[in-house]
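Since the structure is predicted, the reported quantities are computational estimates derived from the model, not experimental observations. Only heavy atoms go into these numbers, but all of them, side chains included; no hydrogens, no water, no symmetry mates. In this chain, residues are counted from 1 in sequence order.
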Amino acid sequence: MCSLFGLIDYGKSLSAKQKNKIISALATACEERGTDASGIAYNSRNRLHIFKRPLAAHLMRWHIPDDATVIMGHTRLTTQGNAKHNYNNHPFYGSADKLFALAHNGMLHNDKLLRAEFALPKPKIETDSFVAVQLIEQQHNLDFTSLAFMAEQLEGSFAFTVLDKDDNLYFVKGDNPLCIYHYPKLGLYLYASQESLLHKALKMLPYNLGQPERIDLICGEIMCIDKQGNMSGVQFNTEKLFGGFNYWSDWGIYRYPLAEQSADKKQYIEELKAAAPGYGITADDIDDWLAQGYFAEEIEEMLYYSSI
């Protein structure tokens, strides 16, 4: 469980100080979904920058330049790839017809199979997420077509944000949550992986941004917001999202609604909830993961890796 967050100041209504405050509030709020690492990507002086560290968001010191109007962020809960090696943390650089940065919330099950199927090189980066960068790069373009191709190959759970060097910010919505607020009077978008995180961040600000319009994306939708605030989008095929490969099939474990779970399975989940506080995770987080479609066994693995 990680979190995406960020802003698009297409109206250029915010000062650098205000952008820093908003990003700090968003990152700190999103820390409840991951404290192993934090990072942002933005364009400044005609160059794409990524700043990330293996630190919880409240320990980070963000320095958003005045000319940066689109900021894409991520807080990380480690499930694969040691966060102490900063190259494993989000966002990641990628290069197609243009340089881009990518961040991912979720867990991919078939990254190794995809590297074999598409003859992708084994990267230094150890996270499952990085295969998304490689799939886009292999298409040699960053656009709706390459993003749809990437998303249609993946099995697991995901929401992606992708920022290119021209300040186009793409949202690739799988089954993981994502909430976007639009403030038309300010020329401003804010987003985070959950609406509750946006509420939490807004309460940290010393000023009121006003009443936002909520933008809802459906599973299988790709939306782009450009630096002028214009929205465009397409849809992609979601058949493979949870189809085919089943990480836990060798153990005979299958996904089914909580109401239909056996007494043993319910007991297993209660034991996870009881153990979760020792890893800095709440019982509500466990329920959130289950609602997103994670297996109980996947959650146990995430708890384990969060302590390494």
Ile125 and Phe100: same hydrophobic cluster, using ILVMFWY side-chain contacts below 4.5 Å?
-> yes

Option from Phe5, Phe171, Tyr170 for which ring pair (Phe, Tyr, Trp, His ring centres under 6.0 Å) with Tyr191 holds = Phe171

Going from CD on Gln228 to CG on Asn168, what distance comes out if it is rounded to the nearest 0.5 angstrom?
-> 8.5 Å

Met60 and Phe51 have their tightest heavy-atom pair at CE-CE2, 3.5 Å

More than 12 foreign heavy atoms under 6.0 Å from NZ of Lys19: is that the case here?
-> yes

Sub-3.5 Å donor-acceptor pair from the side chain of Asp9 to the main-chain atoms of Lys12, do we have one?
-> yes

Without swapping roles, check the side chain of Gln153 against the backbone of Phe149 for a donor-acceptor pair under 3.5 Å.
-> yes

Is there a donor-acceptor pair closer than 3.5 Å between any side-chain N or O of Asn110 and the backbone N or O of Leu114?
-> no

Contact summary for Leu163 and Ala41, nearest pair of heavy atoms = CD2-O, 3.7 Å

Considering all heavy atoms of both residues, which atom of Met150 and which atom of Ala132 are nearest to each other, and what is their separation?
-> CG-O, 3.6 Å

Distance-only polar pair, side chains of Asn43 and Asp167, donor-acceptor under 3.5 Å = yes

Approximate separation, where rounding is to 0.5 Å, of Arg76 CZ and Arg33 CZ | 14.5 Å

Please name the pair of heavy atoms, one in His74 and one in Cys2, separated by the smallest distance, quoted to 0.1 Å.
-> NE2-CB, 3.5 Å

Give a yes or no on whether Lys200 atom NZ has more than 12 heavy-atom contacts from other residues, nucleotides or ligands under 6.0 Å away.
-> yes

Separation between CG of Asn176 and OG of Ser157, rounded to the nearest 0.5 Å = 4.5 Å

Interatomic distance, CG@Leu217 vs CD1@Ile180, rounded to 0.5 Å, equals 4.5 Å

Does Ser38 reach the main-chain N or O of Ala57 with its side chain, forming a donor-acceptor pair under 3.5 Å?
-> yes

Between Val131 and Leu154, is any pair of side-chain heavy atoms under 4.5 Å apart?
-> yes

Look only at the side chain of Asn86 and the backbone of Lys52, and say whether a donor-acceptor pair between them is shorter than 3.5 Å.
-> yes

Please check if the side chain of His140 supplies one atom and the backbone of Asp97 the other of a donor-acceptor pair under 3.5 Å.
-> no

To the nearest 0.5 Å, how far apart are NZ in Lys173 and OG1 in Thr161?
-> 13.0 Å

Indicate if Leu26 and Ile8 have the same hydrophobic cluster label, given that clusters are the connected sets of ILVMFWY residues with side-chain heavy-atom separations under 4.5 angstrom.
-> no

Verify the neighbour count for atom CG of Asn230: are there more than 12 heavy atoms of other residues, nucleotides or ligands below 6.0 Å?
-> yes

Can you label the angle between the Phe92 ring and the Phe130 ring as parallel, tilted or perpendicular, going by 30° and 60°?
-> perpendicular

If only atom types and distance count, is the side chain of Glu137 paired as donor or acceptor with the main-chain N or O of Ser95 below 3.5 Å?
-> yes

With the 4.5 Å side-chain cut-off for hydrophobic clustering, are Leu48 and Val133 part of the same group?
-> no

Verify the distance criterion only: is there a donor paired with an acceptor across the side chains of Ser146 and Asn141 at less than 3.5 Å?
-> no

Which of parallel (below 30°), tilted (30 to 60°) and perpendicular (above 60°) describes Tyr189 and His182?
-> parallel

When Thr78 is tested against each of Thr127, Asn88, Asp36, Asn89 for side chain to side chain donor-acceptor pair (under 3.5 Å), which residue passes?
-> Asp36

Can a donor-acceptor pair be found between the side chains of Tyr181 and Glu195 at a distance below 3.5 Å?
-> yes

Transitively linked via ILVMFWY side-chain contacts under 4.5 Å: Leu197 with Phe158?
-> no

Would you check if the side chain of Thr28 reaches a backbone N or O of Ser24 as a donor-acceptor pair within less than 3.5 Å?
-> yes

Are Ile215 and Ile22 grouped together when hydrophobic residues (ILVMFWY) are joined by side-chain heavy atoms under 4.5 angstrom apart?
-> no

Provide the closest heavy-atom pair for Phe144 versus Cys224 in the form atom of the first, atom of the second, distance.
-> CZ-CB, 3.7 Å

Should the heavy atoms of other residues, nucleotides or ligands under 6.0 Å from NZ of Lys98 be counted, would the total exceed 12?
-> yes

